[in-house]
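Just below is one structure, and these are the notes that go with it.
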Amino acid sequence: MRCYFAILIAGAVLTAQTVDRTKPPETQPLPAFKLPPVYETKLPNGLAIVLVEDSRFPLVTVRLTFAAGSKFDPKDLPGLADSTAALLTEGTAKRTSRQLAEEVASIGGTLNGRSTPDTLVLAGGSLAENAPKLIELVADVAQNASFPKDEVELQKQNRLQNLLQQRSEPNFLAQEKFAAVLYGSHPYSRIAPTPASLEKLDAAAVKAFRDARIVPNNAVLILLGKLPSRAAALKLIEADFGSWKQKPINDPPPAVAPEARRQVVLVDRPGSVQADIRAGQLAITRRNPEYVPLVVGTTILGGGASSRLFNSIREKKGYAYSVHSYVDARRESSALTAVTQVRNEVVEPAMQELLGELETIGKERVSAEELTSVKNYLSGRFVMGLESQNGLIEQLNLVKSMALPNDYLETYTTRIRAVEPDQIQRAAAKFISPGRAAIVVVGDAEKIGKSLEKFGNVQVVKSN
Amino acid sequence: MRTHIFTLLLSGSLLLNGAEVSVPIEKYTLSNGMRVILSRDKAVPVVSVYVMYGVGARSEERGRTGFAHLFEHMMFQGSSNAPKGVHFKTVESNGGNLNGSTHSDYTDYFEVLPSNKVAVGLWLESDRMRSLAITDENLTNQKEAVKQERRLSFDNQPYATAIVDHWPMLAFKNWQSYHSLIGSYEDLNAASVKDVSAFFKTYYAPNNAILVLSGDIDNAAAKKLIQTYFGDIPAQPQPKHPDLSEPPDAAPGTKVYKDPLANVPGVVTGYPGPKRRSADYYSLAMLDVLLTGGESSRFQLNLVKGKQSVVSYEANLGWPFGDASDYKDPNMYAMFFIHKPNFTGKQIVDQAQEEFAKIQKEPVDPKELARARTFLLASRLNSLQSSLTRARLLAQYELFDGKPELINTELGLYAAVTPEQIQAAAKKYLTPEKRSVLEIVPAPKEAKP
């Protein structure tokens, strides 16, 4: 029956039209898409609330985000925010770790803490019908985490094994050293704990961090999905979070990031069959007007499979499987980063090719065709990212935690479309400059050390 | 990084507070044999154009390991009207995203596009199905890219060589299943343009393909476009499926692999699994949720917490190359533990076996099973938000079962599994004499100066 139907259609179409296969088809303009409305308010204790009704799926998604990221780790305790985040869900005054896990599972839920350089995030979700229970669980872990001794001990042990495992991966070693080289003494220079800091970490340190920073006036609660009515949702939130006491927050004075300069650091990983290369420099935050031109330029340089770096290093030269560039943006700074992994024999020509592309984009105007193409690419991917509740809530969370203007998401594609070639060239000349790019390579020093000497004074460090 | 990779691609018609969530399906076949599934959802102006071919690494021939994957790379090297570079450029300059991937039993390609660009995706997919540009230059270039991918994703990573190249040799006796899926450098070098052409003609014919459009589409307009672009691509003789049968009563294998790149020990263990979509398959899949699904799973509570021996784990029907959704028998129910150095791999395997023994001895508590069902439902709903996931699932159900509608009905089969059935499946499949074990031991580093 299906075939019969299909054949009928086939007959009708074949006589009705022929197609020019030599060109991409003409298409209609994209239908307008509007973000769902965002409602914002604040509790008397300072907790910022964001509610977004998104009824596409019978689910709710939540983020409770604190300005309590790893940049607030004490100097001798890197990893404290990370461990605090992990331990918030390991027991409260009301529930053991096991009870929490079982209750979360029974509402079709997830609830996990994580830390980023700027924030500590409690992220969760559940079936829509269980939204009240989800809100109560988030409130419990945020306010009443008890950090039981045995859970803290286990978290330390497992984090240590996890760290050892990460340190066997070249990508992690490259990331770790690149942050250290770019950020110098700025707190963004540390991306992970050390065995020594894990050894030192204890329940008292975690509790002190929580008491200082996990407070309502340092947080925003975003609730998105198929929600109860606004009044009902607010009532639930007030009941669960209303009695949470606010406290003064002591923010350290903002740290100063070092000036960009050429440095070449080789992390020796004996036996590596390829070299993991990172090159780049510190740049501007999302709040800077040059940020959008910089993102467009970085995408032309190395975003996706039609970028300049992909075409030269992978498609033309066959040096690498993967090569890309991006702006790794944080609240107080960002790092323009180009990444590739090449086989040992071609480290030098690949580096030359990479630095050559970094130079060109600051020297020559990008073509109109490249620019249009990348504008479409960035706008299209932005809309694509909004298919799921998680995709949408991450965008909203970004706006809040990076202190961006409220219309940031609504105007994002318009701002992308407005970028001119001159703006890209100006931003690139400042922030995609090969002369100031720091270079970090992870690989077998014996095999690739020589190839790097052309690019500066090579500092060789051990991987472990 | 805790990897509780339980895959979400399992369930079906979803009843929540009486409201049913269902994925719309319209299925038909073109006269050249190409199967088409349309699934309209207007929530976001995005469409996934998804093509699945019924050929994977298990179809490879001796001397041509890694060929299915090498061929996948060739699919991005241009076709008559979209020469080299045009595919990437066209998709990305239209605001889209694209990729392809090679699996044991299928290979897939997709473009996720703003929904007004659906014709662009169809133009590209049909052009390469009709007229792939198979040249020596492209082949040479892609052999290098694949070797580079092998170095990046396997040769230079801890655990990867053990899992990808050594584990299948313990798990399977049939060469079709145990040979290297990424391929040896020798075999990659040996692949010729003639091989590529033959493979293309045999396996990349419309009658061996499934096209799915999911997302913001108009079905009638989509059908016209599909007929226009794909309707006159000629069919080819139906390709033969490889013989995957395993010898009966094959002895399990054990091995210790010394991994110079690993810092922390790990162990893989696995058991020959049931027939796809048999009653036992659903029972074992539910058992997998009980063991590994979420923070209240038994492995988490009893091994990571209780015994404090395991650091992280993964498990699946079809692990490591697939999951329950694309599981095709013969295959394994296998798992991977990273564990603390004060335990041996053997001890970890024994601890996992103890967890199975508990279930063999005593049916699971109905409350625990209810929690697992809820976990499954929520995981499934979460994954269905993505048009690409919906497309992939629909194509998998069509390819393996001929029933895309399972996307809306299969959860019922999981929900119906009883504690007694789980107990019986554990007894039948998860016995020590059936398990293969691969210990991955960090190798002493070379002496450093």
Side-chain angles (χ1 to χ4, degrees), chain A residues 2-3 5-7 9-10 13 17 19 21-22 24-25 27-31 33 56-59 98 101-102 104-106 108 127 129 154 158 161-162 164-165 167-170 270-274 304-306 314 318 320-322 341 343 373 376-377 379-381 383-384 386-389, chain B residues 1 16-17 19 21 27-31 43-46 81 88-90 92-97 112 114 116-117 119-120 123 127 141 144-145 148-149 151-152 155-156 158 223-224 227-228 231 260-264 294-296 301 308 311 338 340 371 374-375 377-378 381 385-387 446:
Chain A
R2 292 189 313 262
C3 286
F5 182 58
I7 287 163
I9 293 279
V13 172
Q17 65 184 93
V19 62
R21 293 186 204 284
T22 61
T27 54
Q28 302 294 310
L30 185 65
F33 176 65
R56 293 175 291 175
F57 283 84
L59 297 167
R98 184 185 185 119
E102 291 180 349
V104 168
S106 64
L127 298 175
E129 67 207 41
L154 178 61
N158 284 353
Q161 294 305 318
N162 178 230
L164 292 175
Q165 188 195 330
R167 298 191 57 82
S168 64
E169 291 160 14
S272 250
V273 299
Q274 58 175 203
S306 19
R314 170 167 158 159
Y321 172 70
S322 158
Q341 300 84 14
R343 59 185 191 276
S373 165
N376 287 342
Y377 175 71
S379 319
R381 287 178 76 97
V383 176
M384 235 176 260
L386 306 177
E387 269 194 324
S388 67
Q389 292 190 359
Chain B
M1 184 194 67
L16 293 155
N17 277 347
V21 176
K27 172 179 149 182
Y28 63 99
T29 306
L30 300 187
S31 58
V44 183
V46 167
N81 298 301
F88 289 136
K89 207 170 160 186
T90 305
E92 293 187 344
S93 68
N94 279 297
N97 189 5
V112 185
N116 58 324
K117 302 291 182 185
V120 173
W123 174 67
D127 207 57
N141 174 294
E144 286 314 306
Q148 206 47 48
E149 184 178 359
R151 285 183 198 102
L152 171 70
D155 300 349
N156 214 28
K223 279 182 186 166
K224 277 190 195 167
Q227 180 58 35
T228 303
L261 298 174
N263 288 344
V264 182
E295 299 291 316
S296 67
L301 293 179
Q308 307 202 351
V311 177
I338 289 180
K340 298 218 179 92
R371 212 165 53 217
T374 307
F375 179 87
L377 166 66
L381 270 175
Q385 296 179 79
S386 147
S387 59
E446 298 157 44

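Proteins get letters first, then strands, A, B, ... in listed order; numbering begins at 1 in each.
Between chain A and the residues B:Asp127, B:Thr90, B:Asn141, the largest count of heavy-atom pairs under 4.5 Å involves B:Asn141. For chain B, the option among A:Gly318, A:Ala105, A:Ser379, A:Ser322 with the highest count of heavy-atom pairs below 4.5 Å is A:Ala105. Residue with the most contacts toward chain B among A:Ser272, A:Ala101, A:Ala305: A:Ala305 (heavy-atom pairs, distance under 4.5 Å). Interface summary for chain B: among A:Gln341, A:Arg21, A:Glu102, the most heavy-atom pairs under 4.5 angstrom belong to A:Arg21. Of the listed residues (B:Leu301, B:Thr374, B:Val112, B:Leu152), the greatest number of heavy-atom pairs within a distance under 4.5 Å of chain A belongs to B:Leu152. Interface summary for chain A: among B:Gln308, B:Lys340, B:Glu149, B:Lys89, the most heavy-atom pairs under 4.5 angstrom belong to B:Glu149.
Nearest heavy-atom pair, A:Ser373 versus B:Ser93, reported as atom, atom and distance to 0.1 Å: OG-CB, 3.0 Å. Residues B:Phe88 and A:Ser306 approach most closely at O-OG, 3.8 Å, considering heavy atoms. Scanning both residues, B:Asp155 and A:Val273, for their nearest heavy atoms gives CB-CG2, 3.9 Å. Contact detail for A:Arg56 and B:Ala43: the closest heavy-atom pair is CD-CB, 3.4 Å. Nearest heavy-atom pair across A:Val383 and B:Val46 is CG1-CG2, 4.2 Å. The minimum heavy-atom distance between B:Ala378 and A:Gly108, with the atom names listed, is CB-O, 3.2 Å.
Proximity to chain B involves both the backbone and the side chain of A:Ser106, based on heavy atoms less than 4.5 angstrom apart. For a residue to count as touching a neighbouring chain, one of its non-hydrogen atoms must lie under 4.5 Å from one of that chain's; by this rule A:Pro170 touches chain B with the side chain only. Within the 4.5 angstrom heavy-atom criterion, only backbone atoms of B:Asn94 (N, CA, C, O) approach chain A.
The shortest distance between side-chain heavy atoms of A:Gln389 and B:Gln385 falls below 4.5 Å. Using a 4.5 Å heavy-atom cutoff, the side chains of A:Glu387 and B:Ser387 are in contact. Residues B:Leu261 and A:Glu169 have side chains not in contact (no heavy-atom distance under 4.5 Å, counting atoms from C-beta outward). Side-chain contact between B:Gln148 and A:Gln274 is present, with heavy atoms from C-beta onward closer than 4.5 Å. At least one side-chain heavy atom of B:Asn97 sits less than 4.5 Å from a side-chain heavy atom of A:Met384. Taking the side chain as every heavy atom from C-beta outward, A:Ser168 and B:Val264 never approach each other to under 4.5 Å.
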Original post:
Checking side chain to side chain contact (heavy atoms under 4.5 Å, CB included) for the pair B:Glu295/A:Val104: CA distance, chi angles, key distance, verdict?
Top reply: CA-CA 8 Å; B:Glu295 299 291 316; A:Val104 168; over 6 Å; no

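Interatomic distance, A:Leu59 CG to B:Leu377 CG, rounded to the nearest 0.5 Å: 8.5 Å.
Using modelled atom types, no side-chain atom of B:Asn116 and backbone atom of A:Thr27 make a donor-acceptor pair closer than 3.5 Å.
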